[in-house]
Amino acid sequence: MSETHISDIASHSGQDITIKGWLYNIRSSGKLMFPEIRDGSGIIQGVVSKKDVDERVWNDFQRLTQESSIIVRGKVREHPKRPGVFELDVADVDIIQIAEPYPITPKEHGIEFLMEHRHLWLRSQRSYAILKVRAEVVRAIHDYLDSNGFVLMETPILTPAACEGTTTLFEVDYFDEKAFLTQSGQLYNEATAAAFGRVYTFGPAFRAEKSKTRRHLTEFWMVEPEIAYMDLDGLMTLSENFLSYIVQRVIEKRAVELESLGRDITKLESVKPPFPRITYDEAAKMLDEGHKKGELENAFEYGSDFGSPDETYVSSQFDRPVMVHRYPAQVKAFYMEPDPEDATKALGVDVLAPEGNGEIIGGGQRMVSHDLLVQRIHEHNLPMDAFEWYVDLRKYGTYPHSGFGMGVERCVRWICGIEHIRETVPFPRMLHSIRP
RNA sequence: UCCUGAGUAGCUCAAUGGCAGAGCAUCCGGCUGUUAACCGGAGGGUUGUAGGUUCGAGUCCUACCUCAGGAGCCA
């Protein structure tokens, strides 16, 4: 009898196998029991027939509770009513533990209760599907970048100062010195890109902002490619190829999981280059018209950054991600290269995911001029000494370069078509929420 | 941080200011193809916390706590 994973069950039809897992649910019908067994790779229905098993096995199954850990032996056979579906004709069981009454029952639960029991909620089929998609997204990110000449560069998580200074950071004690958890690896990547040409960093980022929305985590994962001698147009081309690769890969590998989440896959199939590219001014015009048509409640104030309802409106006008570029310089980060055609604009781009999802990528062309960069650091009242090494990059072979950051959880949320970002990571960290 | 809403059995929810209830889960019993199985029975409560109004408060008032939804900020 070989040990088998439920995901491979179809290739073991007619064979005696062993499954090590947990009891997901059990139904009984007098002298028949139908335990559903979960092993991390899938779920299979067992059939226990009173007349075919030892009395000990029958009695053991009667004692089992939801999520009891068990080792089950039996023969794989096709479901009598469902062609292509396999079930296990159970012969024997070893009980590792009879679980205590399981808090998460097969009925519905509120989100507060589920979040308090996240360590158990992970075993649900919904969490399973989402986190399998997440793992596929992460693999696709690495595969795309690794096979396109990018070198993985880990950047520090403990940092001496803000990358952008504008957002709130988590402070830690670093041997009696103040240090902060990183909010982005970008500035360090501008140094590694000058050494390796094409680099990316992939790691956690931390934001202590008091954001309480379905798009925000305080701890999230971000992938940040940085490319020497690439301009804004090149960056937009990279963005659309990168995102399209990820989405098509998930459709190819995780269609079953997407369907179990009720995702309309046809809405993902259109995610292929080219993505529409519109300027900030064009987006502002769309928002104006949307407001006049009554489709957007609040009027957009030209010159400001897009609010959440604005992003939702613009992104819902397209069937694939839309790239909005050339924002007013004053609403963007200090290191953005000014547009040579219009110095009030910055060569930045945000990629807004469709179906109202909003921003999943933000990036742009980085500033080349030493003197202008120093001026911007002063204008933003940033501590010059913390940025000396960064300014140095503009003294020793300054170079045009571009990069972006993509929030992994936002990407997963969009691909899965789920409402809240908290389900896209095993243990989400949110405002006032750090347990379990 | 601001705005809005909600806290009643382990869970999901009912209860005109007047006896705190149902379904699921748990326990006991029944059923040979069940699919959130079903049928019968049992146990299970400091109504978020602290005050107040009232003959009487789950219900009305005040404060606080927790959670949810939204805004701002951002990936």
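Note on naming: letters A, B, ... go to the chains in the order of the sequence lines (proteins, then strands), and numbering restarts at 1 for each one.
- Comparing B:C74, B:U1, B:U12 by their closest approach to the side chain of A:K210 singles out B:U1.
- Taking the side-chain contact (heavy atoms from CB on, under 4.5 Å) definition, one finds that A:K212 meets it with A:L431, sequence neighbours left out.
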Contacts under 3.5 Å, N or O only, protein and nucleotides 22-30 of chain B:
none

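- For the pair A:S124 and A:Y24, the tightest heavy-atom approach, listed with the atom from each and the gap, is CA-OH, 4.2 Å.
- Residues forming a side-chain contact (heavy atoms from CB on, under 4.5 Å) with A:E55 (at least two apart in sequence, or on another chain): A:N59.
- Within the 4.0 angstrom heavy-atom criterion, base atoms lie near A:H216.
- Nucleotide B:U35 holds its P atom 16 Å from the CE atom of A:M33, rounded to whole Å.
- For the pair A:I43 and A:N25, the minimum side-chain heavy-atom distance is 4.5 Å or more.
- Among the heavy atoms of the strands lying under 4.0 Å from A:P80 is at least one base atom, whether or not backbone atoms are also near.
- Distance check on atom C1': B:G23 versus B:A37 gives 15 Å, rounded to whole Å.
- Rounded to whole Å, the distance from CG on A:L352 to P on B:A75 is 12 Å.
- A:N25 has a side-chain polar atom (N or O) that falls below the 4.0 Å cut-off from OP1 or OP2 of B:A37.
- Remark: P of B:A75 and CZ of A:F404 are 13 Å apart, rounded to the nearest angstrom.
- Separating the C1' atom of B:G44 from that of B:U54 is a span of 32 Å, rounded to the nearest Å.
- Among the heavy atoms of the strands lying under 4.0 Å from A:I361 are primed sugar atoms or P, OP1, OP2 only; no base atom is included.
- The base of B:G33 is paired with the side chain of A:E87 by a donor and an acceptor separated by under 3.5 Å.
- Residue A:F113 has its side chain nearest to B:U12 when only B:A71, B:U12, B:A75 are considered.
- Classified by interplanar angle (parallel below 30°, tilted 30° to 60°, perpendicular above 60°), the ring pair A:Y390/A:F387 is perpendicular.
- Applying the side-chain contact (heavy atoms from CB on, under 4.5 Å) rule to A:S316 yields no partners; only residues at least two apart in sequence or on another chain are considered.
- Separating the C1' atom of B:G43 from that of B:C28 is a span of 11 Å, rounded to the nearest Å.
- B:U59 and B:U53 have their P atoms separated by 15 Å, with the value rounded to a whole Å.
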If pairs are Watson-Crick or G-U with both distances under 3.5 Å, what is the dot-bracket string of RNA chain B, marking crossing pairs with [ ] and pairs to another strand with |?
(((((((..((((....[..)))).(((((.......))))).....(((((..]....))))))))))))....
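- A donor-acceptor contact under 3.5 Å is formed by the side chain of A:R410 with the base of B:C74.
- Taking the charged nitrogens against the carboxylate oxygens, A:E257 and A:R263 have no contact shorter than 4.0 Å, which rules out a salt bridge.
- Distances were taken from every side-chain heavy atom of A:F220 (C-beta onward) to each of B:A75, B:C74, B:G33; the shortest belongs to B:A75.
- The aromatic ring of A:F34 does not sit over the base of B:A37; the criterion of centres under 5.5 Å apart with planes under 30° is not met.
- Side chains of A:R27 and A:Q45: a donor on one and an acceptor on the other come within 3.5 Å.
- In this model, a donor atom of one side chain and an acceptor atom of the other lie less than 3.5 Å apart for A:R215 and A:S308.
- If you check B:U32, B:A71, B:A75 against the side chain of A:K31, the one that comes closest is B:U32.
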Check: residues 138-145 of chain A side-chain donor-acceptor pairs under 3.5 Å, at least two apart:
| residue | atom | partner | partner atom | Å |
| --- | --- | --- | --- | --- |
| A:H142 | ND1 | A:Y200 | OH | 2.8 |
| A:D143 | OD2 | A:R249 | NH1 | 3.2 |
| A:D143 | OD2 | A:R249 | NH2 | 2.8 |

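- Pairing each heavy atom of A:P428 with each of A:M115, the nearest pair is CG-CE, 3.4 Å.
- Contact annotation: the side chain of A:Y188 never approaches that of A:T182 to less than 4.5 Å [non-hydrogen atoms, C-beta and beyond].
- Between the side chains of A:S41 and A:D39, at least one donor N or O lies within less than 3.5 Å of an accepting N or O.
- Neither side chain, A:S244 nor A:N241, offers a donor N or O lying under 3.5 Å from an acceptor on the other.
- Here A:K81 reaches the OP1 or OP2 of B:U34: one of its side-chain N or O atoms lies under 4.0 Å away.
- A donor and an acceptor atom, one from each side chain of A:Y335 and A:Q186, are located under 3.5 Å apart.
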Identify all pairs in which a protein N or O lies below 3.5 Å from an N or O of nucleotides 64-68 of chain B, and state each distance.
| residue | atom | partner | partner atom | Å |
| --- | --- | --- | --- | --- |
| B:C67 | O2' | A:E112 | OE1 | 3.4 |

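- Comparing B:A22 with B:A42, their C1' atoms are spaced 16 Å from each other, to the whole Å.
- Using a 4.0 Å cut-off between charged nitrogen and carboxylate oxygen, A:E240 and A:R277 count as a salt-bridge pair.
- A close approach under 4.0 Å does occur between a side-chain nitrogen or oxygen of A:R27 and OP1 or OP2 of B:A37.
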From CA spacing to verdict: side-chain hydrogen bond (donor to acceptor under 3.5 Å, both in side chains), A:S184, A:E224
CA-CA 8 Å; A:S184 164; A:E224 297 173 280; 2.7 Å; yes
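- Shown here for A:V351 and A:P321, the closest heavy-atom pair between the two residues is CG1-CB, 3.8 Å.
- A:R77 contributes a side-chain N or O that forms a donor-acceptor pair with the base of B:G33 under 3.5 Å.
- For the pair A:V425/A:F220, no side-chain contact is recorded, criterion being any heavy-atom separation below 4.5 Å from C-beta on.
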Just the table, please: protein N/O against nucleotides 4-9 of chain B N/O, every pair under 3.5 Å.
none

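- A:R198 meets the side chain to side chain donor-acceptor pair (under 3.5 Å) test with no other residue; sequence neighbours excluded.
- Among the atoms of the strands shown, none is found under 4.0 Å from any heavy atom of A:M406.
- Protein atom CG of A:L32 is 14 Å distant from nucleotide atom C1' of B:C38, rounded to whole Å.
- Judged as a salt bridge (charged side-chain N to carboxylate O under 4.0 Å, His left out), not a single pair has a partner in residues 302-315 of chain A (not counting sequence neighbours).
- Between A:E359 atom CD and B:C73 atom P there is a gap of 12 Å when expressed in whole angstrom units.
- Protein atom CD of A:E311 is 11 Å distant from nucleotide atom P of B:A71, rounded to whole Å.
- Within residues 35-53 of chain A, the residues having any heavy atom closer than 4.0 Å to RNA chain B are, in order of number, A:Q45, A:V47, A:K51.
- Side-chain proximity of A:R207 to the nucleotides B:C74, B:G33, B:G72 is greatest for B:C74.
- As rounded to whole Å, 19 Å separates atom P of B:U34 from atom CG of A:L23.
- Within residues 138-157 of chain A, no residue has any heavy atom under 4.0 Å from RNA chain B.
- To the nearest angstrom, P of B:A75 lies 9 Å from CD of A:E224.
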